[in-house]
Protein chains: 2
Amino acid sequence: MHDRPVRHPTIKDVALVAGVSPSTVGRVIGGYGYTSAESQQRVLAAMRQLGYEPNAVARSLKSKRTRTIGYLLPRVTNPFFAQIAEGLQDVASAHGYSVILCSTDMKMERTSEFGRVLLEHRVDGIVLSLPGDDSVFKLAASFTDRGLPVVVCHGSRRIHGVDRVISDHMHGGYLAAKHLINMGHERIGVLAVKGSTTSSLILDGCRKALKDAGVDFPAQLTVEIASFSEDAGCSGARVLLMRGCDPTAIIASNDLIALGALGVLEEAGLNVPADMSVIGFDNTFAAHTRPRLTTIGISTYQAGLIAAQLLLDRIEDNYRGEAREVVLPVELVVRGSVAPPRRGS
Amino acid sequence: MHDRPVRHPTIKDVALVAGVSPSTVGRVIGGYGYTSAESQQRVLAAMRQLGYEPNAVARSLKSKRTRTIGYLLPRVTNPFFAQIAEGLQDVASAHGYSVILCSTDMKMERTSEFGRVLLEHRVDGIVLSLPGDDSVFKLAASFTDRGLPVVVCHGSRRIHGVDRVISDHMHGGYLAAKHLINMGHERIGVLAVKGSTTSSLILDGCRKALKDAGVDFPAQLTVEIASFSEDAGCSGARVLLMRGCDPTAIIASNDLIALGALGVLEEAGLNVPADMSVIGFDNTFAAHTRPRLTTIGISTYQAGLIAAQLLLDRIEDNYRGEAREVVLPVELVVRGSVAPPRRGS
DNA sequence: ACGCAATATGGTAACGTTCCCACATGTGCC
DNA sequence: GGCACATGTGGGAACGTTACCATATTGCGT
C-alpha cells in the first residue's frame, strides 16, 4: 500500500528493453525520420510492456508548448459559465488540449494570482469570462504582452487586439420588449445591473422596441440593481413595485434576477402571469421555475465552442490577423410567465 | 500586433542583468544556501526589470512535481459537481496547486482518454466524482498503480486503498421519510435510480424510518428510474401515479428528479403540497422551484474542500496510512413542498 | 570500380530549472 | 601560523524529451 516511489518508465527504459537507442524510440514516437519495420515493432512492444506514458512535462519544456489553456471565470457554480466551460473543454480536448479552471470568485487578488500561475505554467492561451473593469484590461495586457493569445467570452467590453465572443444582448432586449408589447403591455419595468455592459445593451434593445411601437418608457420603469443575483432581483422588484409606476410586466437582466422577482411578486400576492408578466434572460434557470419563465436563450455552450476555436486558431498559428468579434444570435423562449395584461389595469 | 515570438526571460537572463551566476539567482529564488544581501537585491531588481516568471514546466521536470491535480466528473453543468469543483479549487489554489477540469459527459472512451492525458501531464493527484461501475475501478487502478494519490468524492463505492468523501445519504433518506411520517403521511413513494449506490442508501434510510414508525412500505411504492435527470423524474412520477398505490408524498433521489415530478404533478392537476408532498435531495435546485422544494441538504462545497485536503495530505506526504473515509452529515431543509396529507384520502 | 542517393541508426546538444560540489574568502581559536 | 567553520560564489550534472547531425549500410546507375 505504501508504494510511493514508482518511477515512470522513460524513453531510455524503452530503448533498453527494445535493444535500440533512445533516438530510435524518439523517432517511433514522434513519427519522423526513418525506422525499420523491425525496430518499430520492438519499440512498440517495449512501450506496451513497460506501460510507457510520454512525459508531457519534458515534452513541453522542449517544444515550448504545453497543450494547456486557462479559463478565468467568476464562478463555476453559475450555470451560465459552467456551460461555457463545457463547450471550451469539449473543443480543447478534441484537439488534445487540457483546461485549467480558475474560478476567481470575483476577487481581484485571486484573479491576478491566477494570472500569475497561468503564466508560470506557460499555458498556450487563455479564455476570459470576467466582467470588464479596468483590472481585467491590465490582466489581459499581461497576457498579450507576452504573446499569449487571449479570447474574451461573454465578459468585459472590447479589448484592443483580443478576439471576443458575445451574444446579441441588445436584440435580446428588443425581442423581450417586443413580445410584451405584442401581448398588449405598455408599462414594462426593467431590472438592470448597475455598470454592466450587458444590462445596458438589453436596455437599449428594450428602448428600441418601445420606440418602434410608439410606447412611452419613463425613467421610473428602470431599476438599477447591484448584481446578477437572486437577492438583487428581490430588492429590485420591491423598488419597482413601490415606485407606483404600476408596471404590468418585468424584464430581468438574467434568470436569477427574475427568480428573485418571482419570489417578491408571490409574497406581494401577485399572480404570474395573470397580474404581472415576467421575462428572464439567459435561460439558465427558466425551465425550472414555476411558472416556467419565458426568457431569452443565450447559446452559452456554443459560445464556449467558438471561443475555444478562435483561441486554437491563434495558438496553432492558423490565424494572425486583426481581432475578431463573433456575435451569437439569441432567441425568445416562450414559456408560461407572460400573458396579456389585466384589462382596465 | 503580430508579435508572436516573445521569449520568456530565464534565470540566465536574470543572472546576466544582475551580474551574478545562474546558480546565485537560483539560490535567491529557491531561498536556500547563502547569498549576500547585495546579490539578493541585485537579483530581485533584475527579476522585476525583466518581468521574470519562473518556468513551472522546467521546475516540474526537475522536481517531478507539477503542483497540478486532475478532477474527473460527469458534467460541470450539474451544480452538484460544480460546487465540489469550487471547493476543490479553493483549497488547491490556497496551496499553490492548479486544477485540470475533466468533464467526461459519462462517456467511457472520453473518461479513459482523460485518464491518459492526466497521466501524461504528470498531475500530482486525482479527484474522482464518477459513478461506480467497473470501468471506474480500472481507471482508479491505473492511477494508484503508478503511485498517484486518488480521492473519490461523491461517486462510486469503496475502492480499495482509496480515500473517499461521501455524505450520509442513508440518514438523508431517514430524515426525509421521518419528516413525512411526522406530518402524517403513510404512503410514501420513492423515485430511486437503478444501479445507484446513493439511491439504494436513501431507500435504506426510508425503510428504517418507516419501520421505526411501524408503517408499511410495499414494493409498489418504489419506482426504479434510469438516471438522475429531470426526464427520468417525469417518467418515474407518471409510473408512480399509475400504479394505483395512491401515495400522498414522494421522495426523489435528487432535486432534478423532484423537478420532473413537480412538472408531472402539475400536469395531472395535483397541487403541491396540498394534494401531494414532495421532497428532493441534494439542495441544488430546491430554492428555485415553485413551490420551493423541501429537500436534503448535501455539503457539496464542503466535500470538495475535504477531498482536496485529503489529496494534498497524500501528495505532500503528510499521510501515508490506510484509506480514510469521511462521511459528511446531511440536513433536512424545510421549504414549501410538504404539508400534511388530505384527510380521508 | 565509383559516386550518390535512400534508408537506418546512434550521439548529442539543447529546453530552464534545481541542487550538489568545489572553490574561494573571511573569522575566531588554539 | 594552522585549522575548523561559517559565508558566499560559480560550475555542472541531471530531469525526459526533441531534433539536428554524423555515421553506417544498403541499392543502383554509370
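Order of the sequence lines fixes the chain letters, A, B, ..., with proteins taken first and strands second; residue numbering starts at 1 for each chain.
Residues of residues 22-35 of chain A that place a heavy atom closer than 4.0 Å to DNA chain D, in numerical order, are A/S23, A/Y32. If you check residues 113-125 of chain A against DNA chain D, you find no residue with a heavy atom closer than 4.0 Å. Near DNA chain D, defined here as any heavy-atom distance below 4.0 Å, the residues from residues 47-56 of chain A are A/Y52, A/P54, A/N55, listed numerically. For the segment residues 59-69 of chain A, residues with any heavy atom less than 4.0 angstrom from an atom of DNA chain C are, sorted by number, A/L61, A/K62, A/K64.
One N or O on the side chain of B/D124 and one on the backbone of B/T66 form a donor-acceptor pair closer than 3.5 Å. Using a distance-only test at 3.5 Å, with no hydrogens or angles considered, a donor-acceptor pair links the side chain of B/H154 to the main chain of B/S167.
Of all non-hydrogen atoms in A/R75 and A/F81, the two that sit nearest each other are O-CB, 3.8 Å. The two residues B/E120 and A/E53 have their closest heavy-atom pair at CG-OE1, 3.8 Å. Closest of all the heavy-atom pairs between A/S299 and A/L328 is O-CD1, 3.8 Å. Closest heavy-atom contact between B/L61 and A/A58: CD1-CB, 3.7 Å. The minimum heavy-atom distance between B/Y71 and B/V127, with the atom names listed, is CD1-O, 3.3 Å. Of all heavy-atom pairs between A/Y52 and A/I11, the closest is CE1-N, 3.7 Å.
Atom NE2 of B/H160 and atom OG1 of B/T144 lie 9.0 Å apart (nearest 0.5 Å). B/L305 contributes atom CG, which lies 11.0 Å from atom CD1 of B/I84 (distance to the nearest 0.5 angstrom). Annotation: the span from A/N55 atom CG to A/T10 atom OG1 amounts to 9.0 Å, rounded to 0.5 Å. Note: A/L88 CG to A/I306 CD1 = 11.5 Å, rounded to the nearest 0.5 Å. Between atom CZ of residue A/F114 and atom NZ of residue A/K107 there is a gap of 10.0 Å, rounded to the nearest 0.5 Å. Summarising the geometry, atom OH belonging to B/Y319 is positioned 5.0 Å from atom CZ belonging to B/R324; distances are rounded to the nearest 0.5 Å.
Recorded end-axis angle for the helix from C/dA1-D/dT30 to C/dC30-D/dG1 stands at 70°, based on five pairs per end and rounded to 10 degrees.
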Practice task
Please test B/E113 against B/R110 for salt bridge (charged side-chain N to carboxylate O under 4.0 Å, His left out), starting from the C-alpha separation and ending with a verdict.
Solution key: CA-CA 5 Å; B/E113 170 69 8; B/R110 279 189 72 171; over 6 Å; no
Exercise for the section: Walk me through it: do A/R7 and A/D13 pass the test side chain to side chain contact (heavy atoms under 4.5 Å, CB included)? Expected result: CA-CA 11 Å; A/R7 216 181 49 97; A/D13 300 319; 3.0 Å; yes
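The side chain of B/T10 places no N or O atom within less than 4.0 Å of a non-bridging phosphate oxygen (OP1 or OP2) of C/dG16. Look at A/S39 and you won't find any side-chain N or O under 4.0 angstrom from OP1 or OP2 of C/dA8.
Between B/A37 and A/P9, the residue whose closest nucleotide on DNA chain D is further toward the 5' end is B/A37.
A 4.0 Å heavy-atom criterion places the boundary nucleotides of DNA chain D facing chain A at D/dG16 to D/dA19, written 5' to 3'.
Residue B/V20 is classed as a sugar-phosphate contact, given heavy-atom separations below 4.0 Å to backbone atoms only.
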